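To start, the structure itself, in structure tokens.
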Amino acid sequence: MLDQTLPVRMGIEITEWDPKRVVGTMPVAGNLQPYGLLHGGANATLAETLGSIAGALNAGEDNVALGLELSCTHHRAARSGLVTGVATPLHVGSSTSTFEIVITDDEGRRTCTARLTCIVRRRPPGA
């Protein structure tokens, strides 16, 4: 089933994971909009993937983190290569956590800034 997840289909690779910093890359190729630019929804998918992993790492063993709100500001277009996202916590609480995700191109230029808020809930029995 793992091969059916959206991050796998989009080529997202997690390169670093820690409660204070989650890093991942995504190819631009295969994730374009009709003008040949990286699709804004692809940025959103990378951001939510990294922020959700950070949320899970910060939620604690008996809890789950679920995306509640995602906002993305697209600063510049990416046309080729890889984009890299870095998620860092802005707030980690017992009921919500918020993460900033900065996405940059191969030249280190910021292409997107996103913010993901997760709600933290008790892990359901059997999950």
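Values in this document were obtained by computation on a predicted structure and should not be read as measured data. Count residues from 1 along the sequence.
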> Which residues pass the salt bridge (charged side-chain N to carboxylate O under 4.0 Å, His left out) test with Glu61, sequence neighbours left out?
Replying inline: none
>> Among residues at least two apart in sequence or on other chains, which ones pass salt bridge (charged side-chain N to carboxylate O under 4.0 Å, His left out) with Glu16?
In response: Arg21
> Which residues pass the side chain to side chain donor-acceptor pair (under 3.5 Å) test with His74, sequence neighbours left out?
Replying inline: Asn43
Could you list the donor-acceptor pairs under 3.5 angstrom formed between side-chain atoms of residues 113-122 and any protein atom two or more places apart in sequence or on another chain?
| unit_1 | atom_1 | unit_2 | atom_2 | d |
| --- | --- | --- | --- | --- |
| Thr113 | OG1 | His75 | NE2 | 2.8 |
| Thr113 | OG1 | Arg110 | NH1 | 2.9 |
| Thr117 | OG1 | Thr98 | OG1 | 3.1 |
| Arg122 | NH1 | Asn63 | OD1 | 3.4 |

Interatomic spacing from [atom1] in [X] to [atom2] in [Y] - rounded to 0.5 Å:
{"X": "Leu82", "Y": "Ile12", "atom1": "CG", "atom2": "CD1", "answer": "11.5 Å"}
{"X": "Ser80", "Y": "Leu37", "atom1": "OG", "atom2": "CG", "answer": "11.0 Å"}
{"X": "Ile103", "Y": "Leu38", "atom1": "CD1", "atom2": "CG", "answer": "8.0 Å"}
{"X": "Asp105", "Y": "Cys112", "atom1": "CG", "atom2": "SG", "answer": "12.0 Å"}

> Of all heavy-atom pairs between Ala78 and Val28, which one has the smallest distance, and what is that distance?
Replying inline: O-CG1, 3.8 Å
Under 4.5 Å between side-chain heavy atoms, hopping through other hydrophobics if needed: is there a path connecting [X] to [Y]?
{"X": "Ile14", "Y": "Ile101", "answer": "yes"}
{"X": "Val23", "Y": "Val8", "answer": "no"}
{"X": "Leu90", "Y": "Leu46", "answer": "no"}

> Is there a donor-acceptor pair closer than 3.5 Å between any side-chain N or O of Asn31 and the backbone N or O of Met10?
Replying inline: yes
> In terms of heavy-atom contacts, does CD of Glu13 have more than 12 from other residues, nucleotides or ligands at under 6.0 Å?
Replying inline: no
Report, one line per pair, each donor and acceptor closer than 3.5 Å where one atom sits in a side chain of residues 47-60; sequence neighbours left out.
| unit_1 | atom_1 | unit_2 | atom_2 | d |
| --- | --- | --- | --- | --- |
| Thr49 | OG1 | Thr45 | O | 2.7 |
| Ser52 | OG | Glu48 | O | 2.8 |
| Asn58 | ND2 | Pro19 | O | 2.8 |
| Asn58 | ND2 | Ala54 | O | 2.8 |

> Which residue pairs pass the salt bridge (Lys or Arg N to Asp or Glu O under 4.0 Å) test with at least one member in residues 69-90, sequence neighbours excluded?
Replying inline: none
